[in-house]
Each structure stands twice: as C-alpha cells, then as structure tokens.
Number of protein chains: 2
Amino acid sequence: MKPTSIPDPTVRRLSLYLRELETLWRSDHRTVSSRKLAQALKLTATQIRKDLAYFGQFGQRGIGYDVGELITKIRHILGTDRTWNVLLVGAGNLGTALSAYRGFAKKGFRLVAVFDADPGKVGRPIAGTDDLTIRSIDDIPAMVREHDIRLAIVAVPQEAAQTVAEVLVSAGVRGLLNFAPVSLDVDAAVAISSVDLAVQLEQLSFQVGSQP
Amino acid sequence: MKPTSIPDPTVRRLSLYLRELETLWRSDHRTVSSRKLAQALKLTATQIRKDLAYFGQFGQRGIGYDVGELITKIRHILGTDRTWNVLLVGAGNLGTALSAYRGFAKKGFRLVAVFDADPGKVGRPIAGTDDLTIRSIDDIPAMVREHDIRLAIVAVPQEAAQTVAEVLVSAGVRGLLNFAPVSLDVDAAVAISSVDLAVQLEQLSFQVGSQP
DNA sequence: TAGTGTGAATGGATTCACAGCC
DNA sequence: GGCTGTGAATCCATTCACACTA
C-alpha cells in the first residue's frame, strides 16, 4: 500500500471490483482481464488498471489478473480481511431488516448488538438473527468497550439521529453508516457514509423525468 | 431549466439541499444564505451557488435564498413536484421494510404494489402498509401499464436481480433502484441507482482502517 | 497477440476573485 | 456589510498513447 492519498472514487470502485471478482470466483473463473471486468461494471479498462496501480502491481502482462489473488489483495486494502464487530441503533422497520441481512456477515461484518430508545422494545428478540435481543441505548458505551466496536449503523428517525451519533462517537466509534435523512455533525476524524433512501429515488426521478 | 447538461455531482447535491431546506422550513427559517447551507452540509458556499446557478437565479443579493421558493424550485427540477407511482419487487426482509418506510411517501413516491417470486408469499398482506398484498411477478406488466409506473425498487437476492430487472424494463419501467449486490445490465436509456449495503460498510472499513 | 503499467494530455468539477445588487 | 452570480484559474480524475512483458 503506497503512502499517497487515494482518490475517493477509486475506493468506491474497489468495492465493486471485489464484488464482481467474488462472483467470477463462484463461477469458476480464475483469471480476468481489466477489459472483462470493465465490461461487467460498465467502466473503462484503463480506469481499473489505474485504480489497482495505486496499491501495487497485481497483474501479469499478457494474461490479466489472478482472481483469487486479487480478491485477497483488495480485501486487505479495504480492511475486510478480518472481522469487524458492528453495532446497530434503531430497531424499527429498517433496523430490524438490516439486523437480519445476511450480506453483512458474508463480507466480514458481525452484528453484535442492537439498541433502541423505546423501553417497550428492550429485551425483545430480533427475528432472523441468532440470539440478538434489543438493548437499551444506555448500554452502548459498555458494549463498545467490551467488543472493540469501531463501526456502527444508525437506523433511527431523523430527529434522533444527531443525538445517537454523538453517543456513539463519544463511546469511541470511528465510523457511522447513517440511514437517517439528515447530515450528521460529528468530529471530522469520524468516517461517515450515508444512505438516504428517498434521495436515491429523487435521483431517478431527475434522470427519468428529463426524458419524454 | 437550462439546456446544458448538468454535472452528476450537482444533481446528487440538489437532493441534499432540498432535504436541508425542508428541515429549515420546519424550524421556521424562511431565508438562508449559501454559507449557512454550506456549513450544515459541510460543503462550500461557492459550490452551492454554482450548483443552483445551473438552473436559474434563485437568490437575492445581500439577502440569500427564500427557503420556500427554493424548495419549490428544486422539487420542480428533480421532478418530485408530482406523485410517482412506484413498484417494489422482493418481499424479503429488506423489501418489506422498504414497503413500510414512510420516507418515500413524504417525498412524493407512492408504492402501489409489491411482488415476490415465492408462490407461498403471494396474497399475504404487508404489515405497516395500508392494504398492500404481495403479488405474483407475472402481474408486473399489467401493473406497470395500469398505474403508469416508471420507477421500481429491486430488493431480491443477487441471483434473481438480473432477471427481475429485465422483466421490469421490458414492461416499460424507466428507472431502477437496485439493492441487490450485483451490477445490472440493462438498456442504457434506463436509469439505475444502486445501494449495496455491504459496500457502504466496506468504505467505512477502509477509512477507519487506515487510521491507527 | 493479448494484456498490464504509467507518464502525458485531456476534460470536467471545484475554488478563486470580484463585479454587482440589497 | 452581506450576499449572489459568474468568468478565470486551479485542481484532480479520466483517458490516451505507448513501452513493456508473457
């Protein structure tokens, strides 16, 4: 891994490369060219080579890339070659669906606890998970310490999001995946990734709407 | 609205401006400067002014922007000043959570039907919605025609996503919001917006991981 | 021939600097 | 004094062109 700062778009694409490579692996492809990868992802071959070149020389001229090796390398770059303990706040519709989502575990993210502010929900088990029960928000700091938590998912209503974010950050969490439709204001050292479901539809509305 | 092609990043930010403006409106702010807006969203004031200038002159020098007016204008630009009928495929964990999500309706997106391939699920009502029941995938074309559907949400497992996308597109859908962890291959005229939940966490892993 | 890796050129978004208006 | 709108300058990601290797 080189010392230079990596362009943000490159990091985003790295995840897509990994996803595609894993699919290729499952269908028994053991080598792939930047051109093939580009086709599948609707990017350019040069871009993929540039992106990978930020981190080293992974390919064989004339041959392409070794799928298994590249998977290992990208996982290492992204930091997903180990297990991350993750915690989730907000046991509403979305929160419980996310708790039961298998895709996280497949990528090495293990959900260790779910929290909700509603005392009526505390203690209730979450369907579709092995043995998770809803905990009180007050237990967050202890859980963060106990399980070395660095990442958390925020799936609470807009009004509660900023407060929850502050609790998490002051407990020591370093990255937040935010589903609340609000821009969180936290220390700049904390990484934030946001998914606003309505915003996604608005983008489509714009693109489709400007067509007849 | 000008004829020039709008930068993609600008369109993405437009949604954020709208969200922030709606929050300001609820807290009784009736005017706002680009600097205030920039602070809240962690952007630069110039960028906001440039973005808005693509579409016209909405501000008052010395004063700022009228919150209500700007909301109206941005909604018009995004095409959300009308109701969009939307359809959702995949009544698993995530799909049912999305069906019950109130945020879509607030932004003018009305979910009119939910589909699933599992015959055992067809006919079952969806909790948290008024009167939606799960329908057979075969009914998609009829529903698209009947309700003038242009946007659809894909919340099916990876293996099913490409097929579902093709069914939707050939039925006439113009934009897809895809939650399956796969890159969909459809006609270039179809707008696609993708949310891969695991990818979001990977991005955080990278950012947090490169810190000590 | 098929394919990677990379400096140089290009293109497009962001920021600067400032004119113009309240 | 405060703030918008915008050409010019800057910055940064993408693409081009090609040396190099299997």
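Excluded from the calculations below are hydrogen atoms, water molecules and symmetry mates; all remaining heavy atoms, backbone and side chain alike, are included. Here is the naming used below: chain letters follow the sequence lines, and residue numbers restart at 1 for every chain.
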Peer 1: How long is the straight-line distance from CG of Leu87(A) back to CD1 of Ile149(A), given to the nearest 0.5 Å?
Peer 2: 5.0 Å

Peer 1: Is any side-chain N of the basic residue among Arg75(B) and Glu22(B) closer than 4.0 Å to the acidic one's carboxylate O?
Peer 2: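 Answer for the salt bridge query: yes.
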
Peer 1: Rounded to the nearest 0.5 Å, what separates atom CD1 in Ile71(B) from atom CH2 in Trp25(B)?
Peer 2: 6.5 Å

Peer 1: Between side-chain atoms of residues 37-44 of chain B and protein atoms elsewhere (two or more places apart, or another chain), which donor-acceptor pairs fall under 3.5 Å?
Peer 2:
residue: Lys42(B); atom: NZ; partner: Leu184(A); partner atom: O; Å: 3.2
residue: Thr44(B); atom: OG1; partner: Gln47(B); partner atom: N; Å: 3.2

Peer 1: Check this for me: does the side-chain of Lys50(A) come within 3.5 Å of the base of dT15(D) through a donor and an acceptor?
Peer 2: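 Yes.
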
Peer 1: Which nucleotides of nucleotides 17-22 of chain C have their base under 4.0 Å from a protein heavy atom (B), which only their sugar-phosphate (S), and which neither (-), written as one string 5' to 3'?
Peer 2: --BBBS

Peer 1: Measure from the side-chain heavy atoms of Gln47(A) and tell me the nearest of dG5(C), dG5(D), dT15(D).
Peer 2: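 So the side chain of Gln47(A) is nearest to dT15(D).
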
Peer 1: Let me confirm one number: the CZ-CD1 distance from Phe58(B) to Ile77(B), rounded to the nearest 0.5 Å.
Peer 2: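 Taking CZ in Phe58(B) and CD1 in Ile77(B), the distance rounds to 4.5 Å.
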
Peer 1: Of Gly64(A) and Gln57(A), whose closest DNA chain C nucleotide lies nearer the 5' terminus?
Peer 2: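 Checking each residue's closest nucleotide, the 5'-ward one belongs to Gly64(A).
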
Peer 1: For Arg12(A) and dC12(D), what is the distance between atoms CZ and P respectively, to the nearest whole Å?
Peer 2: 16 Å

Peer 1: May I have the distance from Leu70(B) (atom CG) to dT4(D) (atom P), rounded to whole angstrom?
Peer 2: 11 Å

Peer 1: Would you say a side-chain N or O of Tyr65(A) is under 4.0 Å from OP1 or OP2 of dG5(C)?
Peer 2: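 It does, given that an N or O in the side chain of Tyr65(A) lies less than 4.0 Å from OP1 or OP2 of dG5(C).
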
Peer 1: Looking at CG of Leu204(A) and CZ of Phe109(B), how far apart are the two atoms once the value is rounded to the nearest 0.5 Å?
Peer 2: 7.5 Å

Peer 1: What integer distance in Å separates Ile6(A):CD1 from dC12(D):C1'?
Peer 2: 14 Å

Peer 1: Kindly say whether Leu78(A) contributes a backbone atom to a donor-acceptor pair with the side chain of Ser205(B) at under 3.5 angstrom?
Peer 2: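 Present.
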
Peer 1: Looking only at the side chain of Pro7(B) (C-beta and beyond, no hydrogens), which of the listed nucleotides dT4(D), dG5(C), dA13(C) gets closest?
Peer 2: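 My answer, after comparing the listed nucleotides, is dA13(C).
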
Peer 1: Please state how far atom CG in Leu52(B) lies from atom P in dC3(D), giving the value in whole angstrom units.
Peer 2: 16 Å

Peer 1: Could you tell me the separation between the CG atom of Leu52(B) and the CG atom of Leu14(B), rounded to the nearest 0.5 Å?
Peer 2: 6.5 Å

Peer 1: What distance do Gln200(A) atom CD and Ile192(B) atom CD1 have between them, rounded to the nearest 0.5 Å?
Peer 2: 12.5 Å

Peer 1: Using a heavy-atom distance cut-off of less than 4.0 Å, which residues of residues 30-39 of chain B contact DNA chain D?
Peer 2: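 Of all residues in residues 30-39 of chain B, the ones placing a heavy atom under 4.0 Å from DNA chain D are Ser33(B), Ser34(B), Arg35(B).
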
